[in-house]
Every structure is written in structure tokens, then in C-alpha cells.
Amino acid sequence: MSRSIVFGIHVGNSTASIAISKEEGKVDVLANEAGDRITPAVVSITDEETVVGNAAKTGFISKQANTITFNNRLMNLSLDENEKCSFIEYNKVKTIVDGGHLAYELPLETKKKIYSPQFIESNIYKTLYGIAKRATHSEDTKCSCVVTVPEFFDDPSRESVRNAAIQAGWNVLQVVNAPSVTPFTYGINVTEPLNDTYILVYRLGGISCDATVLYVNSGLVSIVASEHTKTIGGYKLIETLKAHLIEEVKRKHRSNPSENARASAKLQRATEDAVHLLSTLKTANIFIESLTDGVDFAAMVSQARFESLIAHLLTDYALPIEVVLKKANLKSSDIKKVLLCGGPLKIPKLKHYIGNLFPHADIPNSISPDEVLAYGAAVQASFLAKYWNAHDDLPEPTTEVHTLNESIKIDCCGETIVFDQNEILPSTKSITTSTNVNNITLIATSGDNKINKSEAHINMKTEGEITLTLTASVDQLHVEAKSIDNQLQSTAIFVAV
């Protein structure tokens with residue numbers, strides 16, 4: 001396999017996907033052994049075997065205590081104590097604290113055994129590695145990839161994800177913020193360069209939701225603001241339809257499947273499949289053999305009925321968007337593109353609702369929302385493979401780009417210098433002006449409200465032209481003055497007034 005054949009991987013709480021970028025730059029999302037382009041991020045462990053994906057999800061009904069779902073949330077090593085306590089209390093698989101971090105305690109036939117979230121994650125990456133090997137028809141070359149993680153993951157959490165992938169056999173080129181690679185999926189800044197443009201990335205996953213504002217300028221993509229919430233997710237859609245089906249069972253068969261763990265698990269699986277079907281089809285036929293008390297259950301749900309059931313959730317799904325726009329000090333009209341990620345956004349009603357919040361924005365839809373992140377990561381992997389020697393290990397990317405949180409306007413001797421919001425730091429600007437005073441005062445105001453002010457004083461006994469050079473860096477605003485003949489020089493740092 002050529003080193004230029006690389007992969008992009010996204011492992012979420014509910015699903016995982018992998019895309020390949022070939023030598024000619026073409027990107028394809030790969031299918032698993034079952035022919036599905038999306039693999040459930042579900043792992044089931046017994047004494048005999050470890051099963052990942054569709055088989056593990058199917059076995060959940062009979063092996064609930066040994067089947068791990070939503071593992072990616074425990075890859076976040078910065079969970080606070082309240083979150084840890086909540087997982088320990090409510091997780092369907094027994095969860096304990098081991099070595100300061102959460103882990104799973106599974107009741108195997110021989111004895112109870114503890115498994116770390118990183119071990120579970122590694123098994124998901126190992127399954128994806130098998131898909132990659134089949135796609136390349138090669139057994140003797142290590143596969144290289146770019147891996148996505150949530151924007152709020154700290155450095156230890158990112159390293160844990162990297163290690164999980166490495167343990168599965170991957171050569172990890174880079175661990176990237178998931179929102180940052182979404183523009184690459186649609187050729188933004190690749191075949192379609194943009195400048196001074198705000199993009200909203202909206203991701204609706206199985207158990208969480210993210211809204212992120214990106215700023216694209218001069219070939220760089222920076223995160224302006226982000227909002228993450230665990231209070232809403234695609235599970236709300238499933239819960240709503242499941243509650244409707246429970247009422248149907250009660251009405252038809254006078255029994256309550258929610259009172260029986262096995263029946264509830266069967267109904268949960270059938271509901272998840274129905275929601276998936278209703279994202280693309282007008283109807284979904286549901287049949288569950290021996291659901292409760294030996295009774296078979298059959299129902300038909302139309303897309304129109306489903307959309308009516310979930311209508312009350314739409315405003316909740318819009319809340320992260322409202323919050324992130326407020327954080328970024330932007331209006332919906334400032335957003336030029338909206339990029340949608342996550343399987344639930346295939347549902348027409350939900351997709352149209354989010355789109356209607358941005359009537360003037362372009363919302364590309366040529367890529368399925370649940371494939372966007374893996375696709376973008378594969379494009380990023382192709383960039384890395386292209387610009388480094390194929391025989392050398394790719395260097396660890398450590399560059400951090402700093403930008404101004406708000407604009408700064410400096411007034412001096414009747415002249416004005418402006419550093420724009422989101423300008424890349426450090427940034428230097430100069431003006432040449434005439435003066436006949438010994439003390440020059442520069443006043444800097446920041447933000448839209450112009451309340452925050454700073455001043456600097458330059459002492460130079462000169463008459464005639466001087467050049468003022470201002471440098472905005474991460475921690476200060478510095479000014480240097482020179483006479484036109486470079487004979488005199490003075491510097492100052494702005495201080496609050």
C-alpha cells in the first residue's frame with residue numbers, strides 16, 4: 001500500500017465511520033462486512049469473544065450487562081465528580097472508579113473483570129482497521145489515519161484516544177477537533193477558498209449536541225465559539241417514538257413492555273431501526289416477535305406521524321445554536337454556510353428546521369450527515385501525507401493559532417489603527433505621522449461597546465515625522481516609535497486606564 005493512501009476516522013458515542021483518501025485524492029466512505037457505511041459503536045464482551053458493531057448491538061437484548069454503549073463519553077478524562085457519580089448510578093453496564101478514572105466491571109462466567117474505556121475504544125478502532133485492510137488489499141503495511149475528537153476534549157483525553165487507535169494497529173497522523181475538518185468535506189478552503197467567512201457546524205449525535213462557529217480567513221480555519229450540551233441528542237427522537245409504541249402495545253395487548261427489561265430492549269432496538277428508516281422512507285413497518293407475554297407486536301409508522309411526534313423537540317435542538325451565536329457576538333445573517341453532522345440530521349423535518357434558521361446561508365447536503373466527519377478527516381489526512389516525505393514519520397502537529405477575541409481600535413495624533421476581531425496573532429501594523437510634541441498618548445478601545453480602554457505614552461523630543469509600529473500579541477499590545485532618520489526611538493506597553 002502506498003503511504004499516500006490514508007484514512008479519516010470518526011468514532012462517536014453511537015456510531016463509527018471510516019473514509020479512505022486514495023492517491024488521486026478521491027475520498028470514499030467505506031462499508032463494513034455487513035455492507036453498512038456506518039458501524040454501531042457497540043462492544044460486547046464474553047469469556048469467549050469480543051464482538052463489535054451490528055452483532056454486538058443485536059446481542060444487547062440477551063447480554064445487556066456485558067454490552068457497552070456510548071463509550072466515547074467516558075474517553076473524556078476531565079469529567080467532574082457529579083458526572084462520574086451520574087454514570088456510576090445510571091449506566092446500564094456496571095461502572096466503577098479505577099485508578100481515578102471510570103471503568104467497566106463486567107460479570108463474565110469465570111469472574112468479574114474490569115475494562116477501561118480506552119480498551120473498549122481500541123476494539124472499535126480495531127474493527128475499523130479491519131475495514132481499512134480489506135479496502136487496501138494489503139497485510140504488510142501499517143494504515144495511517146487522522147482521528148476526530150470533540151472540541152472540548154482536553155490534552156489527556158486526546159492522548160487517550162490516540163493511544164486507543166495505536167493499540168488497534170493504526171499509525172495516527174493527527175488528532176483533530178471534529179468541527180475543524182467539516183469544511184474540507186465540501187471543498188471549503190480546498191477547491192473553494194474563502195476569506196472573512198463565518199461557518200456554523202451543527203452536530204447532533206446520539207446523546208449530545210454541539211454547535212460551533214468557525215471563521216475562515218487567509219487559508220486558516222479557527223474556532224470562534226462552541227457550545228456542547230448533554231441534555232439533548234438523537235436519543236430524544238428514539239424516546240419519543242418508543243413512548244408512542246408503548247402506548248400502542250398497551251392499547252392493543254393490554255401489557256406494558258417497559259416493565260420487562262428484555263421486552264424494553266427489544267422495543268428499543270426496533271425503535272432505533274424505525275427512526276433510521278423514517279429518515280429516508282415514508283413509512284416504517286415494525287414487527288417484534290414475542291415482545292411481551294408471548295405476544296407478537298406489529299405496527300406501521302408514517303414519516304408524517306413521526307415528524308408530528310417530534311415537533312415539540314425542534315426548539316430544544318435549536319438552543320445550542322442560539323447560545324453559540326451569542327457567544328460569538330453574531331447574528332444568523334452573519335453565517336454564510338451551515339454544515340450538518342450526525343445521523344439524526346438525515347430526518348427531513350429536523351434538517352429543514354435547522355436550515356430555516358439561516359435563510360441566507362448555503363447548506364450543502366451532497367454528503368450524508370453521518371459521514372461528514374470521517375470524510376473531512378480523510379481529506380486532512382491526504383494533506384498531511386502529501387506534504388511530508390513518504391519514508392519519514394509525520395511530525396506531531398503542535399502549532400496553535402491565536403486570534404483576537406474582539407477588535408481593537410488605536411487612536412494617535414489624529415490617525416487610527418484597527419486590529420480586527422479574529423485577526424491572527426501576533427499582528428503588526430504601522431503608521432507614519434508628524435508631531436511637534438514631546439509626549440504622545442495612544443488610546444486603545446476594544447470591543448463593540450468601546451468601554452474597555454487602555455493607553456500608552458511615548459516620550460520623544462523630536463519635531464517632524466515619526467513611525468509608530470504597534471504589535472498585538474497574545475498577552476499584550478506593544479508600541480514602538482522611531483524618528484524618520486532612526487536616530488530616536490521609544491517603546492511602551494498599553495496599560496489599563
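Because only heavy atoms are used, hydrogens play no part in the values below, and waters and symmetry mates are left out as well, while side chains stay in.
Aromatic ring pairs are classed by plane angle as parallel below 30°, tilted from 30° to 60° and perpendicular above 60°; the pair W170 and F7 is perpendicular. Note: F184 and F383 have perpendicular aromatic rings, judged against thresholds of 30 and 60 degrees for the angle between ring planes.
S208 and R73 share no donor-acceptor pair across their side chains, judged by distance under 3.5 Å alone. Side-chain N/O atoms of S62 and R262 include no donor and acceptor closer than 3.5 Å. D28 and Y375 form no side-chain donor-acceptor contact under 3.5 Å, judged by distance and modelled atom types alone. Side-chain contact annotation: D47 with T110, donor-acceptor N/O pair under 3.5 Å present. Side-chain atoms of E151 and S226 form a donor-acceptor pair, as typed in the model, at a separation below 3.5 Å. For the residue pair H10/T148, the side-chain donor-acceptor check at 3.5 Å is satisfied. Donor-acceptor pairing under 3.5 Å is recorded for the side chains of N32 and T39. Counting only N and O atoms by type, the side chains of K242 and Q268 include a donor and acceptor under 3.5 Å apart.
Sparse packing is recorded around NZ of K113, with 12 or fewer heavy atoms of other residues, nucleotides or ligands lying under 6.0 Å away. Residue E289 places its CD atom among 12 or fewer non-hydrogen atoms of other residues, nucleotides or ligands, all under 6.0 Å distant. The neighbour count for K326 NZ, taken as heavy atoms of other residues, nucleotides or ligands under 6.0 Å away, does not exceed 12. Dense packing is recorded around NZ of K250, with more than 12 heavy atoms of other residues, nucleotides or ligands lying under 6.0 Å away.
Taking the six-membered ring for Trp and the full ring otherwise, the centers of Y104 and Y115 sit at least 6.0 Å from each other. For Y202 and Y317, the gap between ring centers reaches or exceeds 6.0 Å.
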Evaluation steps, salt bridge (charged side-chain N to carboxylate O under 4.0 Å, His left out), between K84 and D80: CA-CA 6 Å; K84 289 181 180 179; D80 61 34; over 6 Å; no
task: Walk me through it: do K346 and D370 pass the test salt bridge (charged side-chain N to carboxylate O under 4.0 Å, His left out)?
output: CA-CA 8 Å; K346 292 189 291 185; D370 50 8; 3.1 Å; yes
field: From CA spacing to verdict: side chain to side chain contact (heavy atoms under 4.5 Å, CB included), K112, L108
entry: CA-CA 5 Å; K112 292 180 180 179; L108 305 183; over 6 Å; no
message: Assess the residue pair E33 and R134 against the criterion (salt bridge (charged side-chain N to carboxylate O under 4.0 Å, His left out)); give the C-alpha distance rounded to whole Å, side-chain angles, the decisive distance to 0.1 Å, and a yes or no.
response: CA-CA 10 Å; E33 287 183 318; R134 288 192 295 274; 3.7 Å; yes
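Ion pair K57/E272 flagged as a salt bridge, since at least one NZ, NE, NH1 or NH2 atom sits closer than 4.0 Å to an Asp/Glu carboxylate oxygen. Using a 4.0 Å cut-off between a side-chain N of Lys or Arg and a carboxylate O of Asp or Glu, D154 and R158 do not qualify as a salt bridge.
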